[in-house]
J.: 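I'd like to ask some things about the structure below.
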Amino acid sequence: SALGLVDGSFSSYLYIDDWNEAGDYGAASQGVVVELDQAYTMDRFTFGAPDNTYSYRSVRVFYLDADGNEAEATGLSLLQRRDANNRIYYVIKLAEPITTSQVRFGFTRYVRGIAISELRFYEYDSLEADIQALYEDDLHLTLRADVTMDTINALYARLDEQHNGETHPDRELLQRELDEAKLLFE
């Protein structure tokens, strides 16, 4: 059952004896399907395996669009990270947020044996885009002319907000971006 994937325990997991589960190829019946209680706007997901011996090559994200048709999120990135306990987990970051009540994940490994123990879903927060919008250039060398210290302070306040007991998943990176904006402003 997919319920074991969102129970907060790494001891329960889904195991598929294959290297591909709708990650490179496969029918619409393959993959891990999660139906949510309502439509949410999301831009990232995380997943972990039962232990650190599992590594993933790629992932695909399919979702039901506003018309109820399955669409694929394009331009996503898969990032491997470690938590405070040195446990490996993966971040699936979408290029653009999606709004949906159902998500289907496809996974690919280099070797046989796919194991997924936890999935997390993150509602879209425009904080990252709002911080990026402070800058006039892609290299973040110049602030836009209309940026004030009040604008920067308001973004610092949002950075400290918690949702479901957690701060933004990219809090440390966004903190550095804001610190740089503050230095440029001064």
Side-chain angles (χ1 to χ4, degrees), residues 1-10 12-83 87-132 163-174:
S1 160
L3 291 176
L5 299 179
V6 292
D7 64 356
S9 170
F10 283 94
S12 59
Y13 59 92
L14 170 70
Y15 181 81
I16 299 159
D17 189 25
D18 201 343
W19 64 273
N20 174 72
E21 178 67 10
D24 278 340
Y25 61 85
S29 61
Q30 290 184 307
V32 175
V33 178
V34 179
E35 190 169 331
L36 306 168
D37 62 340
Q38 66 183 40
Y40 293 92
T41 300
M42 300 167 281
D43 69 337
R44 72 188 70 219
F45 311 93
T46 59
F47 71 93
D51 58 55
N52 285 354
T53 62
Y54 292 88
S55 60
Y56 291 85
R57 181 172 60 85
S58 64
V59 65
R60 292 171 74 186
V61 175
F62 304 91
Y63 63 97
L64 293 184
D65 65 16
D67 297 324
N69 299 313
E70 187 173 77
E72 183 173 358
T74 58
L76 61 84
S77 59
L78 179 64
L79 309 166
Q80 184 186 78
R81 296 206 175 139
R82 290 184 182 265
D83 68 11
R87 176 177 284 282
I88 293 172
Y89 68 98
Y90 292 86
V91 178
I92 304 166
K93 192 168 181 184
L94 305 181
E96 296 293 328
I98 59 172
T99 301
T100 190
S101 62
Q102 182 176 301
V103 183
R104 180 169 65 95
F105 298 94
F107 300 96
T108 306
R109 293 192 64 215
Y110 292 105
V111 296
R112 206 169 185 80
I114 293 172
I116 307 296
S117 62
E118 283 301 307
L119 277 170
R120 287 201 178 167
F121 299 77
Y122 293 88
E123 276 193 88
Y124 174 69
D125 181 344
S126 67
L127 179 61
E128 184 175 0
D130 295 343
I131 291 172
Q132 298 301 319
H163 301 281
N164 297 319
E166 296 181 356
T167 57
H168 193 284
D170 289 332
R171 188 189 187 293
E172 290 179 24
L173 172 66
L174 298 177

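Everything quoted here is computed from the prediction, not taken from an experiment.
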J.: How far apart are the closest heavy atoms of Arg112 and Asp17, and which atoms are they?
T.: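 Scanning both residues, the minimum pair turns out to be NH2-O, 3.0 Å.
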J.: Determine the minimum heavy-atom distance between Ala39 and Thr99, stating which atoms define it.
T.: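 Residues Ala39 and Thr99, closest heavy atoms: CB-CG2, 4.2 Å.
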J.: Other residues, nucleotides and ligands only: do more than 12 of their heavy atoms fall within 6.0 Å of CD on Glu166?
T.: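 Count over threshold, so yes.
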J.: Can you tell me if Arg104 uses its side chain to pair, donor with acceptor, with the backbone of Leu64 under 3.5 Å?
T.: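 Judged by distance alone, no pair lies under 3.5 Å.
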J.: Hey, are the side chains of Asn52 and Arg82 touching, using non-hydrogen atoms and a 4.5 Å cut-off?
T.: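 Yes, close enough: below the 4.5 Å cut-off.
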J.: How close do Leu127 and Leu174 get, heavy atom to heavy atom, and via which atoms?
T.: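 Shortest heavy-atom contact: CD2-CD1, 4.1 Å.
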J.: When rounded to the nearest 0.5 angstrom, what is the spacing between CG in Leu173 and CD1 in Ile131?
T.: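 Going from CG on Leu173 over to CD1 on Ile131, the span is 8.5 Å.
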J.: Tell me whether the count of non-hydrogen atoms from other residues, nucleotides or ligands lying under 6.0 Å of CZ in Phe47 goes above 12.
T.: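 Buried by this count: over 12 neighbours within 6.0 Å.
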J.: In the structure I gave you, are the side-chain heavy atoms of Tyr122 and His163 within less than 4.5 Å of one another anywhere?
T.: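 Answer no - side chains too far apart.
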J.: Phe62 and Ala22: which non-hydrogen atoms are nearest, and at how many Å?
T.: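 What the structure gives for the nearest pair is CE1-O, 4.0 Å.
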J.: Are Asp43 and Lys93 close enough, and set up right, to give a salt bridge (charged side-chain N to carboxylate O under 4.0 Å, His left out), and what steps lead you there?
T.: CA-CA 6 Å; Asp43 69 337; Lys93 192 168 181 184; over 6 Å; no
J.: Is it the case that over 12 heavy atoms from other parts of the model lie below 6.0 angstrom from the CD atom of Glu96?
T.: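 Counting neighbours around CD of Glu96, 12 or fewer heavy atoms of other residues, nucleotides or ligands fall under 6.0 Å, so no.
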J.: Roughly how far, to the nearest 0.5 Å, is the CD atom of Glu72 from the CD1 atom of Ile98?
T.: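 These two atoms lie 11.0 Å from each other.
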J.: Let me confirm one number: the CD-OH distance from Glu118 to Tyr13, rounded to the nearest 0.5 Å.
T.: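 Answer for the CD-OH pair, Glu118 versus Tyr13, is 13.0 Å.
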J.: Of all the heavy-atom pairs spanning Val32 and Phe107, show the shortest one and how long it is.
T.: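 Between these two residues, the closest heavy atoms are CG2-CE1, 3.8 Å.
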J.: Can you tell me how far apart CG (Asn20) and OG1 (Thr108) are? Round to the nearest 0.5 Å.
T.: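 Spacing of CG (Asn20) from OG1 (Thr108) equals 4.5 Å.
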J.: Report the distance from atom CG of Leu14 to atom CD1 of Ile114, rounding to the nearest 0.5 Å.
T.: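 One finds 8.5 Å between CG of Leu14 and CD1 of Ile114.
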J.: Taking the six-membered ring for Trp, are Phe105 and Phe45 ring centroids under 6.0 Å apart?
T.: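 Close enough - the centres of the two rings lie under 6.0 Å apart.
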J.: Are any of the side-chain nitrogens in Glu128 or Arg44 under 4.0 Å away from the carboxylate oxygens of its partner?
T.: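 The answer is yes: the pair qualifies as a salt bridge.
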J.: Taking all non-hydrogen atoms of both residues, which atom of Pro50 and which atom of Ser117 are closest, and how far apart?
T.: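 Taking every non-hydrogen atom into account, N-OG, 3.6 Å.
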J.: Assess whether atom CG of Asn69 is packed by more than 12 heavy atoms of other residues, nucleotides or ligands within 6.0 Å.
T.: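 Yes - once you tally the heavy atoms of other residues, nucleotides and ligands closer than 6.0 Å, there are more than 12.
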J.: Rounded to the nearest 0.5 Å, what separates atom CE in Met42 from atom OG1 in Thr100?
T.: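 Nearest 0.5 Å value for the CE-OG1 distance: 6.0 Å.
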J.: Has Arg109 got a side-chain atom pairing as donor or acceptor with Ser55's backbone, closer than 3.5 angstrom?
T.: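 Yes.
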J.: Assign the ring pair Tyr56 / Tyr90 to parallel, tilted or perpendicular, where the plane angle (0 to 90°) is split at 30° and 60°.
T.: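 Tyr56 and Tyr90: perpendicular rings.
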